[in-house]
There are 2 protein chains.
Amino acid sequence: MSADQNQGIVTAAFLVIGDEILSGRTKDKNIGYLAEYLTAIGIDLSEVRVVPDVEERIVEAVRELSDRYTYVFTSGGIGPTHDDITADSMAKAFGVPIDHDPRAVEILRNFYPEGQLTEARLRMARIPQGADLIENSVSKAPGFRIRNVHVMAGVPSIMQAMLDAVAPTLKTGQRMLSETVDADLPESRIAASLREIQGAHPGVMIGSYPRSVDGRFSTQIVVRSRDEALLQQAADAVRAAVAATSR
Amino acid sequence: MSADQNQGIVTAAFLVIGDEILSGRTKDKNIGYLAEYLTAIGIDLSEVRVVPDVEERIVEAVRELSDRYTYVFTSGGIGPTHDDITADSMAKAFGVPIDHDPRAVEILRNFYPEGQLTEARLRMARIPQGADLIENSVSKAPGFRIRNVHVMAGVPSIMQAMLDAVAPTLKTGQRMLSETVDADLPESRIAASLREIQGAHPGVMIGSYPRSVDGRFSTQIVVRSRDEALLQQAADAVRAAVAATSR
């Protein structure tokens with residue numbers, strides 16, 4: 001058991017598979033959604049990678065991430081076309097055979113009208129041996145879980161439905177709590193105080209996020225901790241510092 | 001010289017540094033922007049990673065990416081607060097000292113009114129030895145380039161200004177050309193033809209991107225190549241296949 005698990009911390013990585021994100025043609029909507037979702041249920045998203053539709057790149061990334069984090073989630077590359085190589089890449093990454101899965105074939109057979117379950121569509125039933133299916137309430141073709149890796153679709157509505165199907169099976173950790181303090185100040189004016197408060201409160205993480213609206217800089221200060229009392233102490237100190245600086 | 005460079009291909013990775021992206025608090029806007037920008041100037045974005053504000057994670061990622069791609073771009077973590085650790089992490093990654101850089105100090109001194117260049121603000125002048133500065137036309141505190149790594153701010157308006165400053169210094173490759181064919185069909189109906197066309201046109205990449213609007217599935221087929229003639233041949237074949245399937 002790692003130190004993380006000892007402290008009730010559950011970690012995850014997200015692997016986005018798709019040339020279309022790297023070319024800029026499609027703007028990713030899944031990273032922010034998954035990040036917020038996992039945070040809300042007490043899982044720390046610790047890394048995101050975007051890789052192209054290239055088998056060796058997918059295999060390398062999923063092996064690394066699977067070794068390093070409690071869970072891995074992937075999106076993209078599980079459709080019926082020749083560029084959908086995620087399922088085969090997962091089989092290769094974990095050294096297991098892959099073939100049409102009878103459970104998945106059954107789902108597709110029930111969904112498509114007689115005679116329309118073409119070879120291309122059947123391709124969506126290729127699942128690595130030993131994987132569990134993940135239900136797809138939107139368009140039926142399932143995702144799957146192999147080891148600690150959850151393989152989901154790239155289309156946001158389907159990814160979200162699959163995530164809902166998966167969530168109840170996940171072990172979750174102690175939730176990270178957070179408190180946000182808005183400061184109508186550029187962050188450089190509050191930086192010294194924040195450094196001091198961070199030093200005095202080792203059980204919290206203090207993040208400072210500048211923004212610029214119409215050329216005017218303000219700052220959001222986010223205090224995070226798994227301990228409610230520590231969180232409040234540090235947030236109070238931040239609020240006091242912001243008030244003192246704003247005067 | 002690698003095979004890639006032989007063929008006039010220039011590659012890049014983007015390293016997004018920031019707890020706020022991984023917690024879902026901030027939705028990243030830089031990945032899509034950079035992807036589109038690099039594609040337009042003939043640089044292939046080949047990988048994206050998002051890592052937390054943790055020195056060892058930043059150091060590890062930037063070393064790997066710097067070895068692997070022509071260029072690395074980073075965003076985030078170069079402000080004045082205690083959680084801005086990107087500059088120090090870069091110095092560590094490349095084994096060089098870091099201190100207040102006279103050129104950067106001068107820029108800040110000219111920008112801030114007399115007596116307002118506090119210690120926190122001076123922190124933004126910490127630049128690894130041997131780095132070149134990247135101009136920040138928005139809020140002055142510069143980014144920098146060390147080796148093949150371009151270190152930029154996370155605030156989108158500033159990141160974009162820095163990218164404009166950097167672009168003229170980049171070597172660019174032969175542009176990837178693309179043609180998009182819209183098919184009012186679910187991708188499974190066109191999948192067999194696309195596989196065949198892809199097999200017959202090794203010099204192009206054919207991507208198939210399903211979407212669902214109000215429960216109706218359609219497909220965008222994107223054909224890409226660096227060779228205009230090959231691109232047109234393959235795109236014509238795709239258009240013919242879509243027309244035949246739609247009949």
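The sequence lines fix the lettering, A, B, ..., with proteins before strands; numbering per chain opens at 1. Values below: every heavy atom of this structure, side chains too, minus hydrogens, waters and symmetry copies. Here the structure is a predicted model, which means the values were calculated and not measured.
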Salt bridge (Lys or Arg N to Asp or Glu O under 4.0 Å) between B:R49 and A:E64, worked out:
CA-CA 13 Å; B:R49 293 194 193 181; A:E64 269 188 55; 5.1 Å; no
For chain B, which candidate among A:E187, A:E36, A:M205, A:R211 shows the most heavy-atom pairs at distances under 4.5 Å?
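The answer is A:E187.
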Interface residue of largest heavy-atom contact number with chain B, from A:M124, A:M176, A:R224, under 4.5 Å:
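Looking at each option in turn, the highest pair count goes to A:R224.
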Look at atom CD of B:E196 and say whether more than 12 heavy atoms of other residues, nucleotides or ligands are closer to it than 6.0 Å.
no
Is the number of heavy atoms from other residues, nucleotides or ligands under 6.0 Å of A:R109 CZ greater than 12?
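No, CZ of A:R109 has 12 or fewer neighbouring heavy atoms, counting only those of other groups under 6.0 Å.
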Are there residues of residues 21-32 of chain B that reach to under 4.5 Å of chain A by heavy atoms, and which ones?
B:I21, B:L22, B:S23, B:G24, B:R25, B:K27, B:I31, B:G32
Tell me which one of A:V48, A:L45, A:V16 satisfies side-chain contact (heavy atoms from CB on, under 4.5 Å) with B:V50.
A:V48
In terms of heavy-atom pairs under 4.5 Å with chain A, which of [options] leads?
options                     : answer
B:A191, B:A141, B:S188      : B:S188
B:S178, B:G18, B:S46, B:A12 : B:S46
B:R189, B:Q116, B:Q198      : B:Q198

Could you state the interatomic distance from CD (B:E20) to CD (A:Q220), rounded to the nearest 0.5 Å?
10.5 Å
Working to the nearest 0.5 Å, report the span between CG of A:D19 and CD1 of B:I206.
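Here the rounded value is 12.5 Å.
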Non-hydrogen atoms of chain A under 4.5 Å away: do they reach the side chain of B:F14, the backbone, both or neither?
neither
Less than 4.5 Å to any heavy atom of chain A: does that hold for the side chain of B:P156, its backbone, both, or neither?
neither
Under a 4.5 Å cut-off applied to non-hydrogen side-chain atoms, are B:R195 and A:E119 in contact?
no
For A:T118, is it the side chain, the backbone, both, or neither that has a heavy atom closer than 4.5 Å to a heavy atom of chain B?
side chain
Which of residues 79-89 of chain A have a heavy atom under 4.5 Å from any heavy atom of chain B?
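Interface residues of residues 79-89 of chain A: A:G79, A:P80, A:T81, A:H82, A:D83, A:D84.
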